[in-house]
Novice: 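Mind having a look at this structure? Questions to follow.
Values in this document were obtained by computation on a predicted structure and should not be read as measured data.
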Amino acid sequence: MNTIASMWRELVHSTSQQEEQRVIEKVQQYIFEKNITIQVTAVDSQGNEMGLNSLSEDDNVLVKVVFDYNHGSFEAPGWKPRSIDNVFILFQE
């Protein structure tokens with residue numbers, strides 16, 4: 001059974017940009033189907049939060065996501081995206 005936690009582990013361990021995109025699309029579809037809301041934060045190496053719109057491929061950031069659903073929430077461990085574009089797939093409808 002796919003859960004946010006298992007899909008997130010798969011995302012964090014993706015070995016290519018394409019695999020990362022495939023997994024993040026699966027996560028996005030799951031949160032849409034389950035009516036889950038998300039909070040996304042980018043954090044630089046000094047622990048400072050950054051605006052998502054200012055991210056570039058050169059930034060050394062971790063993306064942290066909190067998934068809120070009717071039974072609670074899941075705070076996903078930091079993710080170092082292989083492609084910054086994949087971060088924005090989460091926001092597609």
Side-chain angles (χ1 to χ4, degrees):
M1 175 183 199
N2 280 338
T3 65
I4 288 293
S6 66
M7 286 186 278
W8 195 259
R9 278 191 303 275
E10 186 179 355
L11 174 67
V12 171
H13 293 99
S14 295
T15 58
S16 69
Q17 180 178 339
Q18 293 78 18
E19 180 183 2
E20 181 180 77
Q21 183 175 349
R22 181 188 58 76
V23 176
I24 201 70
E25 288 172 348
K26 187 167 60 170
V27 170
Q28 192 276 335
Q29 182 65 33
Y30 184 85
I31 64 177
F32 176 77
E33 290 173 358
K34 302 293 184 182
N35 199 29
I36 296 171
T37 60
I38 59 173
Q39 301 169 18
V40 180
T41 307
V43 181
D44 68 16
S45 58
Q46 284 79 37
N48 301 312
E49 290 186 9
M50 299 177 61
L52 294 179
N53 289 335
S54 65
L55 292 180
S56 75
E57 295 294 337
D58 296 328
D59 290 331
N60 183 22
V61 298
L62 286 179
V63 175
K64 296 185 180 184
V65 180
V66 177
F67 297 90
D68 290 313
Y69 47 94
N70 59 356
H71 299 349
S73 64
F74 169 67
E75 187 170 340
W79 162 46
K80 172 65 176 138
R82 294 186 177 276
S83 170
I84 294 300
D85 292 339
N86 287 340
V87 175
F88 296 100
I89 293 172
L90 283 170
F91 299 106
Q92 292 178 348
E93 295 186 24

Novice: Are Ile4 and Val87 linked, directly or through other ILVMFWY residues, by side chains that come within less than 4.5 angstrom of each other?
Specialist: yes

Novice: Does a side chain donor of either Asp68 or Gln39 reach within less than 3.5 Å of an acceptor in the other side chain?
Specialist: yes

Novice: Examine Phe88 and Val65 and state if one hydrophobic cluster contains both, with Ile, Leu, Val, Met, Phe, Trp and Tyr joined whenever side-chain heavy atoms are less than 4.5 Å apart.
Specialist: yes

Novice: Do Val40 and Tyr69 belong together in a cluster built from hydrophobic side chains that touch within less than 4.5 Å?
Specialist: yes

Novice: Scan side-chain atoms only and decide if Glu25 and Gln29 contain a donor-acceptor pair under the 3.5 Å cut-off.
Specialist: no

Novice: Please say yes or no: joined through hydrophobic side-chain contacts below 4.5 Å, possibly via intermediate residues, are Val66 and Val63 part of one cluster?
Specialist: no

Novice: I need the Arg82 CZ to Gln18 CD distance, nearest 0.5 Å.
Specialist: 10.0 Å

Novice: Applying the side chain to side chain contact (heavy atoms under 4.5 Å, CB included) test to Glu20, which of Leu11, Val12, Asp85, Thr15 qualifies?
Specialist: Leu11

Novice: Which value, rounded to the nearest 0.5 Å, describes the distance between Ser73 atom OG and Ile38 atom CD1?
Specialist: 13.5 Å

Novice: Once you round to the nearest 0.5 Å, how far does OG1 of Thr41 lie from CD of Glu75?
Specialist: 8.5 Å

Novice: Could you go step by step and tell me if Tyr30 and Met7 meet the side-chain contact (heavy atoms from CB on, under 4.5 Å) rule?
Specialist: CA-CA 10 Å; Tyr30 184 85; Met7 286 186 278; 3.3 Å; yes

Novice: More than 12 non-hydrogen atoms from neighbouring residues, nucleotides or ligands closer than 6.0 Å to CG on Asn48, yes or no?
Specialist: yes

Novice: If hydrophobic clusters are built from ILVMFWY residues whose side chains come within less than 4.5 Å, do Val27 and Leu62 share one?
Specialist: no

Novice: Can we say Arg22 and Glu10 salt-bridge, meaning some charged N sits less than 4.0 Å from an Asp/Glu carboxylate O?
Specialist: yes

Novice: Using 0.5 Å steps for rounding, measure from the OG1 atom of Thr3 to the CZ atom of Arg9.
Specialist: 6.0 Å

Novice: State whether the number of non-hydrogen atoms from other residues, nucleotides or ligands found under 6.0 Å of Glu49 atom CD is greater than 12.
Specialist: no

Novice: Please confirm whether the ring centroid of Trp8 lies under 6.0 Å from the ring centroid of Phe74.
Specialist: no

Novice: Could you state the interatomic distance from CG (Asn86) to CD (Gln17), rounded to the nearest 0.5 Å?
Specialist: 6.0 Å

